[in-house]
Structure formats: structure tokens, C-alpha cells
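Only one structure is covered here, and it is reproduced in the block below.
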Amino acid sequence: MANMRVHELAKELNISSKAITDMLSNADKKYTAMSGLGESEINSVKSKFTKAAGNTANKSGPKKAEEKQVKSEENKNIKAQDKTGNKSEQNTQDTKAANTSKDVDKKHISQVYFPQNSQKTDSRDRNNNRDNNQNRNNRDGYRNDRNNGGYRNDRNNDRNGSYQNRDNNGQNRDGYRNDRNNGGYRNDRNNDRNGSYQNRDNNSQNRDGYRNDRNNGGYRNDRNNDRNSGYQNRDNNGQNRDGYRNDRNNGGYRNDRNNDRNGGYQNRDNNGQNRDGYRNDRNNGGYRNDRNNDRNGGYQNRDNNGQNGGRSGRDGQGFSGQRRNDRGSSAPKDDFIFETKPDSRRPDSRKNDSRKNDRKKDNEAKENLKFANSKLEKKPAPKQEKKEEETIKQLILPDSLTIKELADKMKVQPSAIVKKLFLQGKVVTINQEVDYDTAEEIALEFNCICDHEVKVDVIAELLKEDEESEDDMVARPPVVCVMGHVDHGKTSLLDAIRETHVTAKESGGITQKIGAYMVDVDGQKITFLDTPGHEAFTAMRMRGAQATDIAILVVAADDGVMPQTIEAINHAKAAGVEIIVAVNKIDKPNANIEKVKQELTEYELIAEDWGGSTTFVPVSAHTKEGIDELLEMILLTAEVNELKANPNRKARGIVIEAELDKGRGPVATILVQKGTLRVGDAVAAGSCYGKIRAMIDDTGRRVKEATPSMPVEILGLNDVPNAGEIIMATESEKEARNIADTFIAEGKKKLLDDTKHKVSLDALFEQIQAGNMKELDLIIKADVQGSVEAVKQSLVKLSNEEVIVKVIHGGVGNINESDVVLASASNAIIIGFNVKPDNQARIVAEREKVDLRLYSVIYNAIEDVEAALKGMLEPIYEEKIIGHAEIRQIFKASGVGNIAGAIVTEGRITKDSIVRITRDKEQIYEGPIATLKHFKDDVKEVKGGSECGMVFENFGQIQEGDLVEAHIMVEVPR
Ligand SMILES: Nc1nc2c(ncn2[C@@H]2O[C@H](COP(=O)(O)OP(=O)(O)OP(=O)(O)O)[C@@H](O)[C@H]2O)c(=O)[nH]1
């Protein structure tokens, strides 16, 4: 009653504020509309104006007079009840009738809780809140209903068209009941509309037990909308006999609905019936929405939700979206009207995602989660409330994002996040990247509920293919590329093969040369790619497709292994391609085949006659010696590798090279890898699409179709595709266009993502954490071979059992484009010692985001890599004892168990420490501390010499004199 303002009282009494201020003001004190009033002042005002109001009511008409009479009747009833501690059933009904009639006119208050507004609640309670759960039927027990600083609205809207309604809300026998609603909002409704007999609605019946309902700092909305048009409805919500029930909703939002609509007989709905058992439902810091929508059109429905004898249902700190829809089938569904709409603020997508919400901390969100139930709103809420009401957002967050990006998503200032975290002792910058879990925790603080973004690689999805049946597969020609050091005879060898195996008659003269061609070896075909080796391996691996089956490594017998030989080996190895060594120029007098074999052993290419498995074929491009053997070996290798493809399907291939021809438009040389490509087919190749207008084979002839491993030039694309793009035939040109559009849209995104995931020494640690990267690939370039070796050996030595440092390529000379392309394809880092990247390499490195590091002191290079590697190592944790305590006293607390009253004898005890309890030098417990208190306060740490109270997780068998040793796990530097 106390602490009302004048204008509020005036409003209630339907008089002007001035009338009150005039009445109360005197020489000592002047009252204004905003003046606060004490109980005595309110009473004197009321006694004066009630009479007047009564008179006015009489004047204003019979209806109002009737209302007033009901009101005064009601007051009398309540007073009588207060005196006797009980009241007659007739009185109950009268009171309800009064309530009901009042409710019709009564405006609702927006169900929003704001801690800052809690002081205003008194007036609301007085005006709008009528709590019919006063200690009725409380026998020999204790009941404590608190509504501290919050708003409580309990309604029992019982409309009964008939006899014997008994509504015992809060019946409590021989037990203890403690309902608390601290600082929060509670709205319990029991809307029972009964068209018939014997409705018994026992909400929160509690016998001989202990019940503790808490709703701390949050919002609770329990609804029991029971509409019964039949007989004998018994709805026992929260019936609890002889047991213990503890429902908590700490700092969160709880919305329990029991919408029972029964068109028939004998419905018994026991929600949460708990006999002789223990029930503990918790919803800490989170959101809980339990719905039981039972619609029964028939007879004898018995729905026992949550009936248990010893049940602990926990919704640990999270959100639990549980729905239960039981629909009786004995009557047509159409008989029932859907009146309750799902909460608009709770999209279905959020349901069942408990994993993320599991991390919510107790009460963390309580100050921030503000909920509204706009549905019940009739009276316009204060502006501020409405504004807050709209702040609950749902976000979809990626694996990681910066504080700024998060702020943008939440539509708050980045500085607000920084400040909030700072107050929690975390120092962050707006550009700092946080992972999903951290972002989710932050978002919760800002009333945002998060979902983890499901990443779909749209391009990969587009390019995905169904597994093909082995039965449809037929052998296809191998695709081969030629690699080697400059001047070792690559071109000469390819020409020699062409000359010997592509006849002028067949081709009508080799008038035109495309990037690939096929040769015929006794009826068997081989496809040669005429592109520089590294391109064949790297650019073409862009989409994960592998163009080449076999690499021919050309090594001049008179020159031996040279830098580009090594580079070629590394490229081929990185691509996982089979290598056949062609030792060329054997016609030369100074040719030394054995020397080549010997040198290549260093690179794990050991000739078969040297006990290895690599095929070496001595050849001469000049004399054509060994060419046939080489081709034979290629075919043999192909056979061993069982190269197959299904020609009877839509074609799919890879773009080898493409250009814009002045006369013909975009021209692409493609290699068909699967299926058969035909003129007229609609195709998509990366961001390009079109309909094949014409196809030209490697001999310059127009062809109508191209089968697997066949290279062809195609005309008809709308643009020039990139080399390495996958080309695929589609059902229609429209589909092809759609694919191309998707590529364009996704291309940018993917490029950014790829860039993000490129390895760099700086971000190595994060990348390892994200993807468990366990191998660091390096390319080393130096001015002299000695340095290459020195750097290589020093860095490789940094490997340990957890991370392997691998030098995938090392060479003398400036860093060139090929090095960068290899680094890009292999996700490697380039270390340059006393060398520079050439211009092209610099451009490509920038474009491909390859980490390119230049040093002039070897030690610096080693130091950098070592530092990055340390980040790669999984941290080692070590136990560190931080304090000791002695238990001096045991306190027992119901619901909590034994509390150890202890003194910290040494060091400190922290809430997050792990403790070992010993008794007579024998360890009796090891585990976390559930609660740490200093006097009555929950604390994070208790220092030496101080007393503390401790509760141990799942362990209560403590005794006086037990010793507690606390430790934490700390990361040990390597
Ligand atoms: N004696 C002899 N000379 C050869 C042979 N193969 C190639 N040559 C010569 O070696 C030189 C280089 O040959 P190319 O075929 O141009 O070598 P390449 O590896 O293609 O060279 P780049 O295209 O510059 O990388 C030419 O002068 C060829 O005539 C061979 O089998 N025997």
C-alpha cells in the first residue's frame, strides 16, 4: 500500500490528483501529483473519496453501483478470511464472481520484466494483481510466497456454468512451500472454463512435502488453459505428495503451457505429478518452453506428464524446447479450435538445439533476458518496456567472427560488447576474432539467441556426383603430362612421340596444335597434355579434380638431376601422380643413365633394377630409341591403375586452357573425363555456360562427340572459363546458366574463405586448432645450394611427434611463379633465404595469399618457424596446487546437502579449482567445488586465513577435520 504516488491513487479512485493534493497539503507540506504517499495518507484519502466515489457511482447508474457492492462484498470476504484463516466455499465463489466481473473490464499489463522498473510494481500489484493464492488450506505447514521486487500476476479465471467447482490453488498440507519470484515476473494463469460438473483444479497441491518454486530474476509464465465441456476434469498441476519438488527457473524464461481442451469425460491431466519422490526441474539461465497441448475429443484421457517417483529433470542451463502434442483420436479433430498460437518470438528452428545452450551459465543472462508476452497485452505498456520487448533476436553465427561483425549482427555498438567484456575482466578489441562459443556467450548477454551457421559449399554441392556403378565403367586412355628441367628435351620427346604415332594421313596434316593430343599405340590410346607440368598439377587441381594420371619426368642423361627436375618431382608428388622417368638424350656420348638413377634415389625415385618401384625408360628424342618402350610402360601403368570411366552418361571434364579467339569467340580446350560430350549439349564451366556449337579434336577435325580422356576444343561458351574449371553437361541451357550464376555469386565468397584458410605462420596456431593441422609444409629457396640444405635441415629438425615440418620443395634461385603456385596448391609457406620473389611470383603470391617470408639470417627463419610450431603443439597442462583448507564444521542444508565450513590454511581456494579431500591421509574425494561461499556470498576465491563454505559436487560425506587440497591445471611452456 505504501509508497504510492498521488497520481496513481487518483487514478485508482478515479478522481483528480488535485483533489488529493488539496486534501493533504497543509502549511508544513505541499503535495504534488508525483508526491509519494504513505499508508496512513492513502487510507485517509481513500476513506474520504471512497464515500464520495460511492455516491458518484450511485449517481452514475445502477451498473457501477452493483460493481461497488460486489467489491465491498469481496472486501468483506477477504477480511473475514483474514480473521478466520479460512473461508467458506460460498465466499470463494463470491470472490471469484467478483474477480471475474472485474476481469472483464480489467486491462492487462504487459508482461515484461525490467529490473530497473521493479520499484514500480507495488502500484501494479495493488491495482491489477489479485492473488487468490493466499494461504488457503494451509494446514500445519509453512508457506512463503514471495514476490520480491517483481510483478506477480496470478489469475484464476474460472468460469463455471455449473456445480461444485473446487479450486484449490496452493493447497498446502503439513508441508513447507516456498514460492519465490525474486525480482522477476510471474504470471500464473488458470483459465478454467467448465461447462459442466465437478471440476477440480488443484494447482500446486502439495502434501507433506517440500516444494520450492523459484523464479529468480526471470520471467515465468505458467498457463493452464483448461476448457472442459464435459465431466470430471481433474487437473493437478504440480501435485506433489510426500516428496520434494524443486522447480527452478533461474535468470531465465520459463513458459509452461498446458492447454488442455477436452470435449469429453474424465480427463485427468497430471502434469508433474510426483509421489513420494524427488523432482528437480531446473532451467538455469536459459529458456524453457514446455508445452503440453492436449486436445481430446473423447473419453478417459489420462495424460500424466512428468509423473515420477524420484526424477530429476534438468534442463541444465539451457534451452529446452519440448512439445508434446497428444491429440485424442476418438473424435474428429475439427471439433477443436486452435486458440493458442506459438510464441512468435520462438521460431521452430531454435528447437532442440540444446548443445549450444548447454554452455549458458547460471543466471548469467538473468539481467538481460527480458521477455514479453505481447499476446495478453491490452493496455499499452510503458514505452521503454516495449522497446526492450523487441530486443530478443535470433542470430546465425559462423565458426568465427570479429567482435565488430558480432556487434553488427546484434545491432549494437561494438564498444558495448568491449565494455561488457571488460567489466567481466576480459579485454578484447573490436577486430578480435572470437569463436562461435564465445560469440554465443556474448550474444546471450545482449538478449540474442544463436544458432550455428551450417556451412554449405554450394559449389561443391553443385559439382557433387553420385557414385557410379562399377558395371558401367569401361577402360579409358591414360592422361599423361611431361615434366622436367629446361632443355632436357620435353618438347623434343613429345614431338618424337607425335611424329611416330600421329600420322599425317590420319590428321590431314598437323595444322593446328591444341593443349593436348592423343596418340595411338597399337590401337590403344594415350592422351598427352602439352602444358607446363606445374600447371597441369596445380591449376587443374583447383576444384579437386585431377587431370593427369601419369607424369613423365624427363631427365637428360648427360646433365642429370637439376633444380627444375626436383621441382617437377615435388609437384608430381604433391598431386599424388604416378611418375615414370624418361632418361633422355641417351644418344649423347656423355650420357650416364646410372648417374641419373643414383641421383634420383635421393628423391625416393628408385629404379626397379635398383630395388625400387619406379619405372625408368632410357630414350632418345633424336634417334627415337626407347619411345615405344616408354609408351608401352605408360599403357602398362595405366592398366595396373585400372583407369576407367562410364561413357554412357552426361559428360564431365576439365578445362585445360581457354582463350578468346577473334573469329570464333571463346574457345576452350577441354579434357572429357566422364561420359560423352556431344555437339548441342548445354554445358556449364565455372562462371561460363553455353551450348556446344562445334567440337574440334586434337588433329583439327570437327567431331560430333568426345568420349572419356579425349581432348577437344569446344565453341559455344558465353565467356572464357578458367583453366582447371570443371565443365559439365546439363539437362538444359537454363540449368547451365543457373550453375554459372551460382558460381559467380559463390566465387567471391569462396575466394575470401579460401584466402582465410591459407596457411600463414602468423595464423598457424589458430588454423591448427580449427582443423587439427599436423603438418607444416615449406618451400625453401636460397641463393646457394648449401643454404637450401642448411635451412632445410634446421627446419626439418623442428619436427616433433605432434607436428611434422616437411620441406616439399627446395631450390636455388629467386622465388618464381612456379614456387608460389606449388605453395598455393599444397598450402605451404615459402621461406626465401637471400633471394627475392620475381615480379610474377609476387603478384601470384598476393593473389593466392601465399605466405612468403624472406630472411637474410638463417637463425631468424628458424626462430620464426619454431615460434609458429610452438603454437601448433597441443598445450601440456600440469597440476598446480594452489591452496589447502581444513573442514571445521558441517552444516546441513535441505536441498543442498552438507556444507563444509572450512578455514583456508594455506594459499587460496578458487571456485574453479579441483579439490582432493583426505581423511587420515586417505583420499576420499576428488572433484570440483559446486559452491564456494565466504559468509553468505558466493565468491570466486577465498584467501588463506579466511573462512569459507564449500559444497562439493555430488559428494556430501564430509567430516570435521577433513583436509582439502585445491589445485588448478596450468599450461606448461614447452
Ligand atoms: N642429342 C640429343 N639432343 C636432344 C634430345 N632431345 C632434345 N635434344 C636437344 O636438346 C635441346 C632442348 O630440347 P627441347 O626439346 O627444346 O627441350 P625442352 O625441355 O622442351 O626445353 P624447354 O622447352 O626450353 O623447357 C634441343 O636442342 C634439342 O635438340 C635427344 O634425345 N638427343
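One-based numbering, in listed order, for ligands and for the atoms of each. Given the structure is predicted, the values throughout are model-derived calculations rather than measurements. Along the sequence shown, residues are numbered consecutively beginning with 1.
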Indicate yes or no: does Asp609 engage Lys597 in a salt bridge with an N to O separation below 4.0 Å. yes
Quick check: closest heavy atoms across Asn570 and Ile808, and the distance to 0.1 Å? CG-O, 2.5 Å
Ser492 heavy atoms within 4.0 Å reach ligand 1 at atoms 6 (N), 7 (C), 13 (O), 14 (P), 15 (O), 28 (C)
Do other residues, nucleotides or ligands put more than 12 heavy atoms under 6.0 Å from Glu642 CD? no
Going by a strict under-4.0 Å cutoff (protein heavy atoms only), does atom 26 (C) of ligand 1 have a neighbour on the protein? no
Top protein contact for atom 2 (C) of ligand 1, by heavy-atom distance: His622 ND1, 3.1 Å
Note: heavy atom closest to atom 6 (N) of ligand 1, options Val583, Leu494, Asn584, Val619, belongs to Asn584
Testing the basics here: between Ala621 and Lys624, what is the closest heavy-atom pair and its distance to 0.1 Å? O-NZ, 3.6 Å
If the cut-off is 4.0 Å to any non-hydrogen atom of Lys588, which atoms of ligand 1 fall inside it? 1 (N)
If the cut-off is 4.0 Å to any non-hydrogen atom of Asp587, which atoms of ligand 1 fall inside it? 1 (N), 2 (C), 30 (C), 31 (O), 32 (N)
For atom 23 (O) of ligand 1, what's the nearest protein heavy atom and its distance? Thr491 OG1, 3.5 Å
Take Ile815 and Ile779 through the side chain to side chain contact (heavy atoms under 4.5 Å, CB included) test and state the conclusion after the steps. CA-CA 10 Å; Ile815 298 158; Ile779 291 173; over 6 Å; no
Using a strict 4.0 Å cut-off to heavy atoms of Lys490, name the atoms of ligand 1 that fall inside it. 15 (O), 17 (O), 18 (P), 19 (O), 20 (O), 25 (O)
Under-4.0 Å salt bridge between Lys595 and Glu599: yes
Ala706 and Met695 have their tightest heavy-atom pair at N-CE, 3.8 Å
Can you tell me the protein heavy atom closest to atom 31 (O) of ligand 1 and the distance? Ala621 N, 2.8 Å
At less than 4.0 angstrom from any non-hydrogen atom of Val486, what atoms of ligand 1 do you find? 24 (O), 25 (O)
Which heavy atom of the protein is the closest neighbour of atom 30 (C) of ligand 1, given with residue, atom name and distance? Lys585 CG, 3.4 Å
Specify whether the nearest protein heavy atom to atom 14 (P) of ligand 1 is under 4.0 angstrom away. yes
Contact check, Ser620 vs ligand 1, heavy-atom distance below 4.0 Å: yes
Quick check on Glu846: does its CD atom have over 12 non-hydrogen neighbours (other residues, nucleotides or ligands) under 6.0 Å away? no
Testing Thr707, Asp549, Thr527 one by one against Arg476 for a side chain to side chain donor-acceptor pair (under 3.5 Å), which residue passes? Asp549
Nearest to atom 21 (O) of ligand 1, what protein heavy atom do you find, and at what distance? Asp487 N, 3.2 Å
